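Note that the coordinates shown come from a computational prediction; the quantities given were computed from them, not determined experimentally. When a ligand or atom number is given, it counts from 1 through the structure's own listing order.
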Amino acid sequence: MTRQRADDGTAVELRGITKRFPGTLANDAVDLTVRRGEIHALMGENGAGKSTLMSVLYGMERPDAGTIRVEGREAVFASPGAAMAAGLGMVHQSFKLFDSLTVAENVVFAAEPRRFGLVDRAAARRRVRELAEEHGLAVDPEARVGDLPVGLRQRVEILKLLHRGARTLILDEPTAVLTPAEADALFAVLKSLAAQGRSVILVTHKLREVLEGSDRVTVLRDGRVVARLITAETSADEIAAAMTGRAVELDRIHAPGTPGEVVLDVAGLGTDAVHAVDLTVRAGEIVGIAGVAGNGQSELVEALAGLRPVTAGRVALAGQDVTHASAAERRTRGLAYVPEDRHAVGTAPAASVADNLAMGHHRTSLSTRGMLPPAAVRAHARRLVERFGVKASTPEVPASALSGGNLQKLLIGRELAHEAPLLLVEQPTRGVDIGAIQNIHDQLIAYRDAGHAVLLVSAELSEIRGLADRVLVMYEGRVTASYTKQEADERTLGLAMAGGALTDPAPAEAVD
Ligand SMILES: Nc1ncnc2c1ncn2[C@@H]1O[C@H](COP(=O)(O)OP(=O)(O)OP(=O)(O)O)[C@@H](O)[C@H]1O
Ligand SMILES: [Mg+2]
């Protein structure tokens, strides 16, 4: 087939893309040009329309207006299959792999090399090895995908797209679930793909990644393009201001709180993945847990929430033993919980925003004899939607219509509204835009200052340093170090997270 236009170095060109949902103009006449060989960052606040634009490009949503050109050829794709055939490939935030199949089987799935009409397994393995070597995406072709950590699963997704000949890769918040080391490895891969003349469209909220890893930036606000920037000529402040329309104070370190009574008292706690953890959290205090993902932080929080069996030790909440209490009992005794997994554990996607916000409130001031009057549910929803800036056309829409970051705001808002003495919160700002991060941080500090205890687990060191009054580091299932706010600088924490701290969990004087 001959090209209809001369190759002018443009990989993807969107012109005047408009997409409406009931009550929402998600994309409003968006123009976006992605060049061959560039990493193009797409940024914007939660609900700005980034994922929608990518869904339109990738044939998952039909635009109401506008044109799409891929490598010079005009096409509005009717399905992701058609987009793939034109050289596009998308890595979704929740991976679409088969856990029970091997890496090689996943990579070639539906595009298998065949010999005499049968799938040629040896050829599939060879193909994966070749691709992996060519692109620096090392992964064992015979490993079962279900056994791999997220960073490697993401590699499998990328290999799959490359196997199908993708020349433009779309990644929607690819680093949200990665450790810093995995994210660095991903960027090395993306840069080498770009150097080979492929293009990458990267949707992310992380300014550091954009500044270090992209060539150009397009910023959306309320569905419209508000800035087109060249990365080398811009700054974090300029991007943040374009996104929010105001100046944002990045990475603020909040003043310490005034700790009171012990609310959470954990002694010698053990589970399958946690060993001999001692910790206390006082009223009016935020204790942060830092650590590289997979060192027992999630398991510790699950055990404290009553979702994972405790095999050793003791947990007391507000002076009462809850070591073996159910999750529901802990809630009545004063625990609120923001889990890491906002989809499977945290919210009900088919239920409305208002109902999601009311969940767990059957025993609070919202209820009348255990029932939730609809008017009270609606008023409660309106208050929280306003306070946390949840962007929803009405509180009656299903939670599944919310953008990723808005679902996260909903979950935090609901749990803070319980005013429980203890809040367990995991990755509070994952997938949340910078303006909303500032809001959530302010709300957590206000919650602390109102005399509540907060145990915060976060993969973002700047978040831990900004919020926590004390920082514990977990390594291989144990608390291996403990620092005051002043001691917890980035280098000290980084070293401890890599296993370099003393095994004595109270080296307060040892660190200067
Ligand atoms: N299926 C849908 N039905 C109704 N509204 C939708 C649907 N999908 C998206 N929206 C709305 O369109 C707007 C844009 O959403 P989109 O998911 O594109 O935002 P985003 O920029 O990706 O945000 P985030 O950073 O939070 O992921 C939001 O207001 C969202 O609520
Ligand atoms: Mg999105």
Side-chain angles (χ1 to χ4, degrees), residues 14 17-30 32 40-66 80 90-95 170-177 201-207 209-210 217-227 239-240 242-245 248 342-343 346-347 349-354 356-357 381 385-386 388-413 427-440:
L14 302 177
I17 298 291
T18 294
K19 175 68 189 175
R20 282 185 198 85
F21 291 113
T24 306
L25 182 53
N27 291 152
D28 184 2
V30 173
L32 173 72
H40 195 116
L42 183 59
M43 299 199 75
E45 296 190 295
N46 299 127
K50 306 176 296 292
S51 295
T52 302
L53 191 67
M54 294 302 104
S55 300
V56 166
L57 171 60
Y58 202 52
M60 290 152 49
E61 296 277 4
R62 215 55 50 80
D64 296 307
M90 181 154 173
V91 179
H92 297 270
Q93 191 164 355
S94 40
F95 304 144
I170 305 166
L171 295 104
D172 197 348
E173 297 191 39
T175 59
V177 291
I201 308 178
L202 173 73
V203 178
T204 179
H205 290 293
K206 299 187 180 171
L207 283 165
E209 285 174 359
V210 170
V217 189
T218 295
V219 181
L220 291 180
R221 192 191 320 153
D222 294 331
R224 277 186 295 273
V225 175
V226 291
I239 299 172
M243 283 172 60
T244 60
V248 178
R342 60 192 176 215
H343 296 287
T347 57
S352 71
V353 166
N356 267 286
L357 284 168
V385 160
E386 162 82 33
F388 288 90
V390 179
K391 206 173 154 204
S393 51
T394 74
E396 272 65 52
V397 297
S400 59
L402 294 183
S403 75
N406 280 298
L407 189 64
Q408 179 70 13
K409 295 185 213 167
L410 176 151
L411 183 56
I412 302 253
Q427 317 299 351
T429 57
R430 178 173 284 173
V432 166
D433 68 59
I434 46 183
I437 288 175
Q438 201 180 16
N439 180 25
I440 290 175

Checklist entry - Do G405 and ligand 1 have an N or O pair less than 3.5 Å apart? => result yes
Checklist entry - What protein heavy atom is closest to atom 25 (O) of ligand 1, reported as residue, atom name and distance in Å? => result K50 NZ, 2.8 Å
Checklist entry - CD1 of I440 to CG of L411: how many Å apart, nearest 0.5 Å? => result 9.5 Å
Item to check | Sub-4.0 Å atoms of ligand 1 with respect to non-hydrogen atoms of G49 | outcome: 14 (C), 18 (O), 19 (O), 20 (P), 21 (O)
Checklist outcome for this item: CD1 of I201 to CG of L171, rounded to nearest 0.5 Å, is 9.5 Å
Checklist entry - Do you know how many protein N, O or S atoms are within a distance smaller than 2.8 Å of the Mg ion (ligand 2)? => result 1
Item to check | Numbered atoms and elements of ligand 1 in range of S51, under 4.0 angstrom, heavy atoms | outcome: 17 (O), 18 (O), 20 (P), 22 (O)
Next on the checklist: Apply side chain to side chain contact (heavy atoms under 4.5 Å, CB included) to residues V217 and M43 and explain how you reach the verdict.
Outcome noted: CA-CA 7 Å; V217 189; M43 299 199 75; 4.0 Å; yes
Item to check | Donor-acceptor pair between D172 and S51 side chains, under 3.5 angstrom | outcome: yes
Checklist entry - Atom CG of N46 and atom CG of D433: how far apart are they, to the nearest 0.5 Å? => result 4.0 Å
Checklist entry - Counting both backbone and side chain atoms, is some N or O of A48 under 3.5 Å from an N or O of ligand 1? => result yes
Item to check | Protein contact to atom 26 (O) of ligand 1 [nearest heavy atom, distance to 0.1 Å] | outcome: S403 OG, 2.7 Å
Checklist entry - With distance as the sole test, does K409 use its side chain to make a donor-acceptor pair with the main-chain N or O of G389 at under 3.5 Å? => result yes
Checklist entry - In Å and rounded to the nearest 0.5 Å, what is the CG to CD1 distance from L57 to I17? => result 8.0 Å
Item to check | Backbone N/O of V397 and side chain of S352: donor-acceptor pair under 3.5 Å | outcome: no
Checklist outcome for this item: For N46, the atoms of ligand 1 under 4.0 Å from one of its heavy atoms are 23 (O), 24 (P), 25 (O), 26 (O)
Next on the checklist: Return the closest protein heavy atom for atom 31 (O) of ligand 1 as residue, atom name and distance.
Outcome noted: A401 O, 2.9 Å
Next on the checklist: E61 versus ligand 1: do any nitrogen or oxygen atoms come within less than 3.5 Å of each other?
Outcome noted: no
Checklist entry - Where do M243 and R221 land on the side chain to side chain contact (heavy atoms under 4.5 Å, CB included) test, with the steps shown first? => result CA-CA 6 Å; M243 283 172 60; R221 192 191 320 153; over 6 Å; no
Next on the checklist: Is it the case that the side chain of N27 and the backbone of K19 share a donor-acceptor pair, with hydrogens and angles ignored and the cut-off at 3.5 Å?
Outcome noted: no
Item to check | Pairwise distance CD(E45) to CG(N406) - rounded to 0.5 angstrom | outcome: 9.5 Å
Checklist entry - So, does E173 sit close enough to ligand 1 that a heavy atom of it is under 4.0 Å from the ligand? => result yes
Next on the checklist: Considering both backbone and side-chain atoms of G44, is one of its nitrogen or oxygen atoms within less than 3.5 Å of a nitrogen or oxygen in ligand 1?
Outcome noted: no
Checklist entry - Closer than 4.0 angstrom: is that true for some heavy atom of H205 and an atom of ligand 1? => result yes
Next on the checklist: With heavy-atom distances below 4.0 Å as the criterion, list the atoms of ligand 1 near T52.
Outcome noted: 14 (C), 15 (O), 16 (P), 18 (O)
Item to check | From H205 atom NE2 to I434 atom CD1, the distance as rounded to the nearest 0.5 Å | outcome: 9.5 Å
Next on the checklist: For T175 and E209, which I'm curious about, is there any donor-acceptor pair between the side chains at under 3.5 Å?
Outcome noted: yes
Next on the checklist: I need the nearest protein heavy-atom contact for atom 29 (O) of ligand 1: residue, atom name and distance, please.
Outcome noted: T24 CG2, 3.6 Å
Item to check | Summary of salt bridge (charged side-chain N to carboxylate O under 4.0 Å, His left out) pairs that have at least one residue in residues 389-398, sequence neighbours excluded | outcome: D222-K391
Item to check | T347 (side chain) donor-acceptor with P349 (main chain) under 3.5 angstrom | outcome: no
Checklist outcome for this item: Short version for E45: what comes under 4.0 Å of ligand 1, heavy atoms counted, is backbone
Checklist entry - Where is the nearest protein heavy atom to atom 4 (C) of ligand 1: which residue, which atom, and how far? => result F21 CB, 3.5 Å
Next on the checklist: Give me the residue, atom name and distance of the protein heavy atom closest to atom 12 (O) of ligand 1.
Outcome noted: A26 CB, 3.5 Å
Checklist outcome for this item: atom 14 (C) of ligand 1: closest protein heavy atom, distance to 0.1 Å, is G47 O, 3.4 Å
